[in-house]
J.: 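Dumping the structure here so I can ask a few things about it.
Hydrogens, waters and symmetry mates play no part in the numbers below; they use all other heavy atoms, side chains included. Counting starts at 1 for both ligands and their atoms, following the listed order.
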Amino acid sequence: MPHNPQPPTQDITADPTEEAVSATTDSILAVNPKLDREAISKTLLFVWTAHKGQIRKSGEPYIIHPIAVAKMLAELQMDSSVVLAGLLHDVVEDTKHSKQEIAELFGNDVAEMVDAVTKIENIQKGSDRTAKTFQKFLTSISKHPQVIVIKLSDRLHNMRTIKYMKPDRREAIAKETLDFYAPLAHRLGLYSFKFELEDLAFKELHPQEYSEVENHLKQTIAEREEYINSIIFPLQIKMNLEQLECDIRGRSKHIYSIWEKMKNRNCKIDELYDIFAIRIIVEQIPDCYTVLGNVHNLYPPLSSRFKDYIATPKQNLYQSLHTVVVGPRGTLVEVQIRTRDMDEIAEHGLAAHWAYKFNSRKEDYENNLDWIDKITKMQNEIPESVEFLEFLYKNMTPDDCYAFTPNGRKITLQFGATILDFAFAVHTELGLRCAGARASDKILAIDSPVPIGETIQILKSDTQEPQENWLAMVKTPKAQLEIRRWLKKSVEDQAILLGKKIYLQELQKFKIPLENAPQDVFVCRNFSTMNVERFYRNLGKGEISLTDIADFLKPYSGDNTVWHRGLFNVFRSGDASSTDTPITIGYNERFLLDFANCCNPVPGDNIKGIFIAGKGIQIHKADCSELAKYPREQRLTIQWESNDIKSSIKFVLKINSVDRIGIAGEIFNCISEHNASIKKSVLESKGSELNCRIEIIAFRSAQIKNIIQSLNSLAGVRKVIRA
Ligand code: MN
């Protein structure tokens with residue numbers, strides 16, 4: 001029997017005759033032959049009967065709507081239960097049948113999906129906007145995420161027939177489509193849905209602008225095709241010569257995205273270079289890069305516009321190489337290169353994954369349920385449904401988020417970006433000194449997520465500076481890079497200062513007056529460094545041993561100390577340190593100081609240093625028994641920058657936390673990681689609760705803030721207060 005995959009809807013009769021049901025079942029199976037024919041035919045008869053007598057606004061029998069939805073789902077290669085739920089999606093809402101009945105007739109899974117679709121409908125209609133509904137809805141979608149695809153198919157069909165709706169409903173539905181459903185489709189990587197939803201909604205909301213763009217595209221089609229061909233032909237020849245199997249296409253972008261570009265860049269349509277893109281489809285991932293090389297060979301690339309979404313896929317799994325090249329007439333052209341698999345995902349997104357969920361992509365599929373998981377968890381923390389809807393919407397906003405500077409500059413950042421990311425995006429200096437932000441009269445911490453669409457004023461503090469833990473707070477590569485760069489430079493700067501101090505102390509130990517000290521060139525030659533700063537740096541970082549220094553300085557020494565040469569080491573007899581002038585250490589060396597865990601020295605204690613290769617100075621209490629374990633030549637005489645204990649800051653933290661295994665150790669680590677020391681601690685465990693009172697000594701107030709911040713991020717910690 002011949003199949004007609006897309007029978008014209010007017011052929012569908014109001015009555016579910018045996019013939020009509022059978023023909024429609026055929027047409028659904030024509031789209032995906034793997035579906036369960038019997039189940040579909042049975043469901044179709046049930047749905048058709050249930051909706052009998054109901055008329056769409058277009059005057060057609062209602063049944064055309066569930067059939068259209070079921071066909072879209074079949075096309076997305078959804079399994080039978082999803083297609084059944086698609087057929088049934090309006091039955092509970094619009095007919096006398098109940099959820100229980102659906103469950104008895106079609107099974108629990110199908111009934112739950114239908115129920116979830118009905119709930120979304122109710123939320124949208126505003127009849128029940130309680131948090132409880134959302135909770136139920138989320139529970140349903142987290143169990144059957146495919147519900148979202150059913151809802152999107154439902155919305156797409158309704159948008160295709162929107163002209164039949166009452167004018168006052170049309171605008172609201174189109175807006176909701178643009179604000180909620182299109183981003184949702186994008187979030188799921190369902191680009192084919194996203195594009196059509198956007199165009200339909202845009203046409204409804206701005207008919208004039210829509211037809212302007214549409215007319216322009218129509219009028220210029222011949223010209224554009226000619227131009228596209230002038231780009232494609234040389235490419236095709238090159239690929240043939242290289243024997244690279246590939247499929248090259250050029251096509252216009254959808255109307256809404258063209259209009260958005262015009263709006264964003266404030267230009268006319270004929271000034272846009274990217275109203276179309278060239279797409280090259282290959283078989284294997286390595287081919288993508290070979291093709292890219294060939295494209296760049298033929299047309300010079302704009303390196304700033306190259307994006308490798310193969311190496312780092314978008315959150316919605318989208319993978320592709322994007323490059324912008326200078327085409328034949330000097331115009332810029334976007335070229336997208338991807339494999340056939342990637343192209344499939346780009347069209348059908350997560351749906352493609354659901355379809356393949358039992359294949360090798362299971363892992364990806366599960367990873368992508370993460371965001372649903374996150375949303376489900378978050379909703380417990382957000383009591384108000386309106387706020388929650390807002391949250392849900394914000395989380396569906398694809399890829400990125402944006403906010404404005406006080407002068408109205410729009411900053412777009414990737415999804416999950418924090419205040420710190422925002423500050424770095426505005427200006428590096430602002431990022432390095434960022435202490436928080438103000439947005440709509442709220443003060444936000446540096447690690448708060450960027451409030452989408454708001455104006456953010458970064459609060460700058462001259463005493464603020466980056467810390468190691470900032471790296472975990474930022475999402476954007478720029479912020480990561482700048483923080484790393486700053487930290488690296490600070491370590492280098494500190495190492496230079498410390499190295500110089502150590503060198504001066506060594507000169508003194510050898511009784512070499514400065515005027516007799518070896519010239520810089522000899523120092524550099526001996527230690528193979530480019531300049532003396534580099535030498536200080538290497539010494540400060542412990543990359544040059546004190547033994548090497550001793551070997552080097554010995555010939556310059558005017559002193560009569562007896563030198564012993566061991567198998568490898570030269571050392572002085574007697575305890576040389578007793579005669580040394582101590583090296584002062586303090587905040588300026590903090591990155592190179594390591595507080596020993598054995599004796600937990602604190603500022604103010606009498607201390608000794610151990611020089612550790614590649615790290616710097618490990619600080620011990622002067623009477624620590626561990627000191628004897630280190631060879632004499634590794635020891636340094638050190639003292640605190642100021643022996644006055646008042647120059648360091650003593651403070652007390654009270655911490656309330658869940659008493660879990662390892663928590664106390666983590667708390668202590670947290671404190672010592674910030675180069676602060678614990679003077680005294682009292683821990684009290686009561687039931688499943690742990691209360692700590694810890695006296696801490698730090699060099700600077702910035703440390704206190706950072707310690708509190710890190711403690712707060714430990715799992716189980718409920719409250720940290722400075723007493
Ligand atoms: Mn519907």
J.: Between His157 and the Mn ion (ligand 1), is there a contact where an N/O/S atom of the residue lies under 2.8 Å from the metal?
T.: no

J.: Side chains of Leu205 and Leu178: does their closest heavy-atom pair fall under 4.5 Å?
T.: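 Leu205 reaches Leu178 side chain to side chain.
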
J.: To the nearest 10°, how many degrees is the angle His65 NE2 to the Mn ion (ligand 1) to Asp90 OD2?
T.: 90°

J.: Hey, is the main chain of Val92 close enough, under 3.5 Å, to the side chain of Thr95 for a donor-acceptor pair?
T.: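 No; judged by distance alone, with no hydrogens or angles, the pair does not exist.
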
J.: State, to the nearest 10 degrees, the angle whose vertex is the Mn ion (ligand 1) and whose arms point to NE2 of His89 and OD1 of Asp154.
T.: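 It is 90°, given to the nearest 10°.
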
J.: Is the backbone N or O of Ala20 less than 3.5 Å from a side-chain atom of Thr17, with the two atoms forming a donor-acceptor pair by type?
T.: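 Checking the backbone N and O of Ala20 against the side chain of Thr17, a donor-acceptor pair under 3.5 Å is found.
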
J.: When you compare the side chains of His51 and Asp90, does any donor N or O come within less than 3.5 Å of an acceptor on the partner?
T.: no

